[in-house]
Each structure stands twice: as structure tokens, then as C-alpha cells.
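Here's the structure, in C-alpha cells; my notes come after.
Every number for a ligand or one of its atoms is a count from 1 in the order of the listing.
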Amino acid sequence: MTPGALRTWLAERSIPAYRSTQILSWVYRRRAPSFAAMGNLPQVLRDELAAHFALPGLTPTVVAHADDDTRKLLFQLDERAAIEAVLIPDASRLTLCISSQAGCGMACAFCATARLGLLRNLSATEIVGQVLAAQEQLRPDERITNVVFMGMGEPLANYDALLQAIEILSADWGVGLSARRITVSTVGLVPAMQRLVGDTNVNLAVSLSGTTDAQREPLMPVNKRYPVATLMAMCRSLPIPQRRRITFEYVMLEGVNDSPDDATRLARLLHGIRSKVNLIPFNPFPDAGFTGSPAAVILRFQEHLLAAGINATIRRSRGRDIQAACGQLALAGHTDRRGSTPAPTRAAGSRPAHGPRAAGGR
Ligand code: SAH
């Protein structure tokens, strides 16, 4: 719940509105293990809360550790739906990559999550729950500095839950992570992108991966609905604040979208947009049907963009050995060599999760 909704609930019981932020900071900031533990609330209110609500909580079924210290958390939400979140430590940052849907309906040809299809949307509680659960996995000297909606699913296809989760993550009474440290990545759902920029202050990342409709449509079917020209015109018109940029993600596929002509076209498309390009080396998965561009080709592509005045970086692939890298999230980190996926309990190279299970976590 956000404070507005909670205030309405409180008002119906003639309880003063200031209790709402008290309650929520117990939940998100002080991590009360139960309503009974919310010491500065009257006993009757604690009982009433316990009768009506559950504390948000997700418990990872498996936590897999990669050689590079990337950690992947698997959550079994119900019988069918499971999701993953990935903790990615870097020199000065600790980024958490979270999921917005179980599976994904966007059908991008190069992405493992797409092969699952869309199982269901996550609730705001399940989105925020990934952050709370990841915080419990941290070592004492660690703190999550950034959250990216780059896990499973298309966040803008689950708009209401996304918006509620962003409010909880960024609020002072909530998780307290500044919206500037939150990035939402999208395949390019144009109307929802415009709404998001109006409704929030988060960063926007757009998965482009093609420079013409003929090239992008077979890779990303969403291009039928929002072709390259429509998408770019809308990006050009977005009111992006000073000192901020839209990130364009571009998965590098050998012989598909990695030619010098592609780099030239990409630079032309981005002309006049406050942007930066993030080139993503393709991460393979079984039966992907694509090969990643060789490192030298990616470097040449980057140089081409830089020479054209486009800010371009190459994403360093993280957590590949536990299938935690971009486009590999398909609940397959526990797959043996023949490709069967055992029930997600324990797997070699993984250790069981620890941390208390919050009451009635849903
Ligand atoms: N649905 C949103 C959020 C997921 S972000 C979106 O697509 O933007 C995941 C990123 O990983 C996207 O940029 C996607 O294009 C990229 N990706 C998908 N499959 C990949 C793969 N096999 N290798 C590398 N990157 C991949």
C-alpha cells in the first residue's frame, strides 16, 4: 500500500492520518518482523493491522553465486510462476536487476525469457519484495545503490504495479532509493513511456537492437506496433531533464545488426536526442539461433558511434556462468547439461537461502 490508500483505510476507522507513514516506515525502513513489533502504535491498531494485512516478503528458493560475485535469486511465486533477480556488484555500485513479470509476452527473438511466454504480471508487493529479499542477502558492508527493471518481463506492460512499486522504492517512508537510481528498461511501448516520464523521475532505457523496420521487426515483434520512426520521434519529444539521458540498449548479433552501416544509421537515428548507447554482447542460451558479434566487431561499432559524437559504452557481461546475464533469465540456472530443469530447490554451486520468512509473505 501507498500512504494514500492506507490513509483511506485508517480514516474509515477514525485513526489519524499520520499513522500511515509510521506504519509504512516500520514495514520498509525498520523491517518490523510482525505488526506486534511496531512499538509506537497503539495495541488495538497493531491487532487491527494484523487482522487485515500481511507484511511483504519473498523468500528466495535458491541463491546462486557466480565467479564474479554476481548473485542470482530465484523466487518460486506459486506453482507455475517463478522469477529471478540479480545482484551485480561493481567497483562503486551494487546494482539489483529485478523482474516485473513472470515470463514475458514481447517475444524478442534473441531473449531466453521470451521463450517462456507471459505467465503473469507481478504485483507491486512482489516487485518490491525482490528488493527487500536481496537486501537480506547483502554482506554487512554492502548497500544496493541502483535498481534496474531489466530482469524478466516488460515493465511497461504492467504499468500500475510498476508505478506503485516505484513509489514505494523511492519514498522516504519506503525503501528510500532515489528515483534517479532507478532505471526502467522497455522494448519501446510508446504511450506507456510517455506516461512514465510524466508520472515519475526514473531513468529510461529503450531496447532498440535494430536500425530499420526490416531489421528490427523480426528481432522484436513489438516493432509492428511501434515502428522505429514512431519510437524515435516520441523519444525526441520526451522532456528529459538536463544532465540526464535516455539509454538505448543494442544487443550485438553477428551478421544481423553489427555492420558499419548499422552504426551509421544508429548515429543518425539518435541525432538530437539526449542519449547514450549501451552495446550488449549477446549472451547465448540453448537453441538461441544467434551468434554474438566478435569482440573486435563490437569495439569497431563503438568507435564508429563515438566518432559520430554518440556516447557509447559496452556492457560487461556478468554472471554468465550461472545464467544470470542479460537475456538469460529463464529459470535455467539449475539446468544440467542435457537441458532438463529439476524442481528449483537446491542445485550444485548454489547454497540454500537464509533470512527469516516474513509473516504471510504474498
Ligand atoms: N523487457 C524490457 C526489460 C528487459 S531488459 C526490455 O526488453 O528492455 C533486458 C535487456 O537484455 C534488453 O535490453 C534486451 O534486449 C537484452 N537481451 C535480451 N536477450 C539478450 C541476450 N540473449 N543477450 C544479451 N542481451 C539480451
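The main-chain N or O of T211 is found under 3.5 Å from a side-chain atom of Q215 such that the two form a donor-acceptor pair. Side-chain atoms of N283 do not come within 3.5 Å of backbone N or O of G327 as any donor-acceptor pair. Proximity of a side-chain donor or acceptor of Q135 to a complementary backbone N or O of I144 within less than 3.5 Å is not detected.
Scanning all protein heavy atoms for the shortest distance to atom 13 (O) of ligand 1 gives S207 OG, 2.7 Å. Given atom 21 (C) of ligand 1, the protein heavy atom at minimum distance is C326 O, 3.4 Å. In this structure, the protein non-hydrogen atom closest to atom 16 (C) of ligand 1 is V251 CG2, 3.8 Å. Protein heavy atom in closest approach to atom 9 (C) of ligand 1: M150 O, 3.7 Å. Closest to atom 19 (N) of ligand 1, if we only count protein heavy atoms, is G327 CA, 3.1 Å.
The residue among A288, P281, G153 with a heavy atom at the shortest distance from atom 1 (N) of ligand 1 is G153. By heavy-atom distance, the residue among S100, C97, G151 lying nearest atom 4 (C) of ligand 1 is G151.
Between the OG1 atom in T186 and the CD atom in E249 there is a gap of 9.5 Å [rounded to 0.5 Å].
Near T186, meaning under 4.0 Å from one of its heavy atoms, ligand 1 places the atoms 6 (C), 8 (O). Remark: ligand 1 atoms within the under-4.0 Å shell around heavy atoms of E154 are 1 (N), 2 (C). The contact set between ligand 1 and N283, taken as ligand atoms under 4.0 Å from a residue heavy atom, comprises 21 (C), 22 (N), 23 (N), 24 (C). Every atom of ligand 1 is numbered from 1 in the order shown, and the set under 4.0 Å from a heavy atom of I280 is 13 (O), 24 (C), 25 (N).
Ring geometry for H52 versus W9: interplanar angle over 60°, hence perpendicular rather than tilted (30 to 60°).
Only side-chain heavy atoms of E249 come within less than 4.0 Å of ligand 1; its backbone N, CA, C and O stay farther off.
Applying the ring-ring contact (aromatic ring centres under 6.0 Å, His included) test to pairs two or more places apart or on separate chains, those with a residue in residues 246-302 are Y250-F301. A salt bridge (charged side-chain N to carboxylate O under 4.0 Å, His left out) check over residues 111-121, counting only residues at least two apart or in different chains, returns the pairs D78-R120, R120-E126.
Any N or O atom pair closer than 3.5 Å counts here, and S185 shares at least one such pair with ligand 1.
The cationic group of R29 does not satisfy the cation-pi geometry with W26, failing either the under 6.0 Å distance to the six-membered ring centre or the 45° limit from the ring axis.
A salt bridge links E142 with R71: the distance from a Lys NZ or Arg NE/NH1/NH2 to an Asp or Glu carboxylate oxygen falls below 4.0 Å.
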